[in-house]
Amino acid sequence: MPRYDPLEIEKKWQDFWDKEKIFKFDKNAPGEVYTIDNPPSFTSGTLHMGHALNHSWIDFIARYRRMRGFNVLFPLGFDCHGLPTELKVERVYGVRKDDRDKFRQKCEEWTTEAIDKMKEQFKRLGYSADMENEYYETRMPWYKALVQYSLVEMYERGLVYRSSQPVLWCPNCGTALAKAEVGYVEKEGKLYYLAFDVVDTDKKIKIATTRPELIFSCVAVMVHPDDERYRDLVGKKAKIPLADREVPIIADEEVDMEFGTGAVYLCTYGDEMDVKWQRKYKLPVYISIDPKDKLTSIAGEFAGLDAEEAREKVAEKLRKIGVLYKEEKYVHNVLSHTERSSCMHPIELLPIPQFMIKVKPFIEDIKKAAREMKWFPDYMEGRLEDWANSMDWDWIISRQRVYGTPVPFWYCEDCGEIIPPDKEKLLKGEFVDPAKDKPPVEKCPKCGSTRIKGSLDICDCWVDSSITPLAVAHWKRDDELFGKAYPTYLRPQGTDIIRTWAFYTIFRDLILTGKLPFKHVVVNGMVAGPDGKKMDKSYGNVVPPEEVIDKYGADALRQWALEASLGEDYPFDWKKIKYATKFQTKLWNASFFMGKHLEEFDPSFEPDLKRLRPSDRWILSRLNSVIDYSTDMLDKYEFGKALNAIRNFFWSEVCDNYLEMAKSRLYGNDDEEKNIARWVLYQLLMKSTLLLAPFIPHITEEIHDLYLKKFTGAKSVHLLKWPGVDKDLMDSKIEEEGKLAVAVASAVRGFKTKNQMSQKEELSKVTIYNGSSLRQWETDLKETLKIREIEFADGVGSIAVEGVDVSLNIEK
RNA sequence: GGGCUCGUAGUCUAGGGGUCAGGACGCCACCCUUACAAGGUGGAGAUCGCCGGUUCGAAUCCGGCCGGGCCCACCA
């Protein structure tokens, strides 16, 4: 018998599945359509271990649901747009984003290369998506047109608007960002204490700030109304040095008296609080930072300096003129560009016009929708609600970048009216590019102006990916199929993008269709390195999935992935891979053994159930219990629980015990006994293979091909049905007996081991005390353990059987 | 600071009120046994993070503390 070689055999079946189109989706096939809203992978060029985990789960679900009789619509998608690609192109090719056409072309090239590599990696994972027909890239014209169409629909409902309010701006990337793309990064800085003269008094007011360079935009000094220190100064004016301006001293409840000096200077704009106060008190606006993070002309001698660089220089000047009187080291959280980018640059608030979508009015609807879906694990629903509750901004959808879906709007430069494109064109799958295309009208429909300008912006990539359920279900492309495929059944995704992908998808698709986008949300945790820390280059603990597949094959990697628990972070572990490999070796050898004994088996053989031995009834009952349990677990997406139950059953019950019990009959001369044992083997091999098929699709395909195909007649094991439970064969009493028989067998084997005997050596007599329920097992035990005589007796023997009240005496 | 999660042998983990807490890796001993030595059999190793509470009974439920992790948070 040849050793199992995963590399050769996996490749063989992957090519076979491809060639024979085993996983082609047929919309007219029977069964309820089970649509998987498969996460479009960002086109980084390589699958990381997180992908391997996530996509092993998804592929498992697809295979399992097919076996359960669903018509599974399993697409493959790529999320092509996004800052990481643009930044890479800028760095690697040295192309600037201002050279729009060339820049875009380089991004396209990069993306095409990345996708080719990633598709191959998906294939090597044993991925069963319909990569030919149900395939999409967010950069495809039809996809972009669909995104634009969805925006036009939202515009028609009055949800899209243009705003010049301050937005979150990344000076490094040169674009506006959504709240979801920014986060806090701990940084060490300084707290600078400044003392300003109060006009018409001899008093000073002291403030503390981390950003002295913003002094040129200072428009007020804020204190708390209850603060005794400043009560008499409220209403007076403070003289701001360098800016050469007098600003009001205002009392507001939201000032924290405990922090710094209890007084804070308000700059347009330092943070969100400044925006709020500026509006509340109708203060003037002075912009001292430009989109490239340089100080503007109002900063006088400091104009043109980087904000960071200017900080110390301005401080130095303030020190010199005696305004800065104290400074201390200070660790604080700085709002930075954190999401889906290695940028990490601090964010500025700048009033640059943007397209926005109204989100705030729908928060309650979104929460209600989230509650109506089933989340696995259920507590993840709370994460979405928490995020929804914290939404206090509408969604900025425009980005001042180049590679992406163009924002599909023109606008009137005089009155600001938004002008949408022709919907029909979009529905034909042709997208528009307002930066190049002629506007659909010559005059503004509102004010009659001819100054119509097309947007140069592209969409936030979450605008693209928030319609994946619609895209994969053929929205606006095939109404009949859409009716069956939407709402999608399953949204699989990671914990990290609940606030983005899940949130935006629920929001947008709910509004666009009036229905929930999916029924089930299955959330996976993040993959940690073998050392338990987050798997990250900076920790040097990255294990690429390719390395695992090269050494042990995809089936081993899949077993690792499918042992993870819902929602929990999960470390990569070579030991689990090795265990998985050992299990495959066991499965391989046992299948060979069973297959050999099934060579002459006639599947039409119907045994007289009364002639089954206790060992047969035991293992068949266990088999059905395992099917029952696994099915239950898998319907709840608890893959690990099912996998472990199946592996333990096969290894320790089928292989270690049942096969040993069956051998004497298989090698004996009684044809009827032999056929009964073969019939049981047939059940075991067939159903174990089916149970394992979605977990380890390659080796089970090979086993099916070698030993089972002649019975099933199927082209592939993956076209067969999931095994049902035969309740008539389930018997808890025989399972209890079986457990006891296994324990007795273990004690007898232990005796042989302790006495340095080979397991095949015969024992003259074993007395079983207090174990009369095993009387009917006498023949099974005698043959399996090579015992000449078994006696049942009351009392206590010298050898204890672990876990039970039974004991033994053994004579060599 | 808030929320959510997790804390079980040297290591990784299963179990979520009731037989002596399952397993894997590692460790020790024995065995070439007609599928399997890239095996098999057996063994040693855990007061289930700490302190209380509920209960006839807690690893399991509740509260507090300690310690990881993730997410959120406007404090200049």
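Nothing here was measured: the structure is a model prediction, and the numbers come from that model. In what follows, every chain begins at residue 1, and chains take the letters A, B, ... in the order their sequences are listed.
W651(A) comes within 4.0 angstrom of sugar-phosphate atoms only, judged by non-hydrogen atoms across all strands, and of no base. Nucleic acid contact for T784(A): none, since no nucleic acid atom lies under 4.0 Å from a heavy atom of the residue. In this structure, E761(A) reaches neither bases nor backbone, as no heavy-atom distance under 4.0 Å exists between it and the strands shown. If you check every strand for non-hydrogen atoms under 4.0 Å, C655(A) touches a base. Residue S591(A) is classed as having no contact, given no heavy-atom separation below 4.0 Å to the nucleic acid. At the heavy-atom level, G382(A) lies nowhere under 4.0 Å from the strands shown.
If you take atom P in C71(B) and the same atom in A44(B), they sit 44 Å apart, rounded to whole Å. Taking atom P in both U13(B) and G57(B), the straight-line distance is 33 Å, to the nearest Å. Spacing between G16(B) and A21(B) at atom P, rounded to whole Å, works out to 16 Å. Here, A9(B) and U5(B) have their P atoms 22 Å apart, quoted to the whole Å. Rounded to the nearest Å, the gap between the P atom of C50(B) and that of A58(B) is 15 Å. When the P atom is used for both G53(B) and A59(B), the distance is 15 Å, rounded to whole Å. Comparing the same atom, C1', in U8(B) and in U47(B) gives a spacing of 12 Å after rounding to whole Å. Using atom C1' as the reference point in both A24(B) and U34(B), the two lie 30 Å apart (nearest Å).
Checking the phosphate oxygens (OP1, OP2) of A76(B), a side-chain nitrogen or oxygen of Y330(A) falls inside 4.0 Å. Put simply, K752(A) has no side-chain N or O that comes within less than 4.0 Å of OP1 or OP2 on G40(B). Phosphate proximity of G42(B) to S746(A): present, with a side-chain N or O under 4.0 Å from OP1 or OP2.
Taking the salt bridge (charged side-chain N to carboxylate O under 4.0 Å, His left out) definition, one finds that E348(A) meets it with R211(A), sequence neighbours left out. Taking K582(A) as the reference, nothing meets the salt bridge (charged side-chain N to carboxylate O under 4.0 Å, His left out) condition, with sequence neighbours excluded.
When each of G39(B), C12(B), U33(B) is scored by its nearest atom to the side-chain atoms of K586(A), the top-ranked nucleotide is G39(B). Of the candidates A76(B), G42(B), A14(B), the closest approach to any side-chain atom of V264(A) belongs to A76(B). The side chain of Y379(A) sits closest to U5(B) out of C30(B), G42(B), U5(B). Distance from the side chain of K576(A) is smallest to C12(B) among C12(B), A76(B), C31(B). If you check C31(B), G42(B), A76(B) against the side chain of T753(A), the one that comes closest is G42(B). When each of A76(B), A14(B), U19(B) is scored by its nearest atom to the side-chain atoms of K739(A), the top-ranked nucleotide is U19(B).
I577(A) has its CD1 atom 17 Å from the P atom of C12(B), to the nearest Å. Going from atom CG of L740(A) over to atom C1' of U19(B) covers 14 Å, rounded to whole Å. We find that CD1 of I799(A) is positioned 14 Å from P of G42(B), with the value rounded to whole Å.
Seen from the ring of F650(A), K586(A) does not count as a face-on cation partner, given the 6.0 Å and 45° thresholds. Both tests do not hold together for K360(A) against W395(A): distance to the six-membered ring centre under 6.0 Å, angle to the ring axis within 45°.
In this structure, G16(B) is classed as syn because its glycosidic torsion stays within 90° of zero.
For W651(A) and Y579(A), the distance between ring centers is under 6.0 angstrom. Here the two rings, on F601(A) and H597(A), have centers that are 6.0 Å apart or farther. Aromatic pair W560(A)/Y570(A): ring centres closer than 6.0 Å.
Counting heavy atoms from C-beta on, the side chains of I498(A) and W387(A) never come closer than 4.5 Å. Residues V275(A) and L349(A) meet the side-chain proximity criterion, which asks for heavy atoms closer than 4.5 Å.
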All N/O contacts under 3.5 Å from nucleotides 66-74 of chain B to the protein, with atom names and distances to one decimal?
unit_1 : atom_1 : unit_2  : atom_2 : d
G69(B) : O2'    : D569(A) : OD2    : 3.3
C72(B) : OP1    : R499(A) : NE     : 2.7
C72(B) : OP1    : R499(A) : NH1    : 2.2
C72(B) : OP1    : R499(A) : NH2    : 3.1
A73(B) : N6     : N333(A) : ND2    : 3.4
C74(B) : OP2    : Y184(A) : OH     : 3.3

Give each protein N/O atom lying under 3.5 Å from an N/O atom of nucleotides 22-26 of chain B, with the pair distance.
unit_1 : atom_1 : unit_2  : atom_2 : d
C25(B) : OP1    : K582(A) : NZ     : 2.7

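Searching all strands for a Watson-Crick or G-U wobble partner of A29(B) with both distances below 3.5 Å returns U41(B). Pair assignment for C70(B) gives G3(B), based on Watson-Crick or G-U wobble hydrogen-bonding distances that are each under 3.5 Å. The partner of A46(B) cannot be assigned: no Watson-Crick or G-U wobble pair with both contacts below 3.5 Å exists in any strand. Across all strands shown, U11(B) forms a Watson-Crick or G-U wobble pair with A24(B), both key distances being under 3.5 Å. For U55(B), there is no paired nucleotide, since no Watson-Crick or G-U wobble pair has both relevant distances below 3.5 Å.
Position along RNA chain B of the nearest nucleotide to K663(A) versus W277(A) favours K663(A) as the more 5'-ward residue. Map D656(A) and L659(A) each onto its nearest nucleotide of RNA chain B; the residue landing nearer the 5' end is L659(A).
Taking the six-membered ring where the residue is Trp, Y330(A) and F259(A) present perpendicular rings, their angle passing 60° and hence far from 30°.
Sorted by first then second residue, the salt bridge (charged side-chain N to carboxylate O under 4.0 Å, His left out) pairs that include residues 325-335 of chain A, not counting sequence neighbours, are K190(A)-E327(A), R319(A)-E327(A). The side chain to side chain donor-acceptor pair (under 3.5 Å) analysis of residues 752-761 of chain A, with sequence neighbours excluded, yields the pairs T753(A)-Q759(A).
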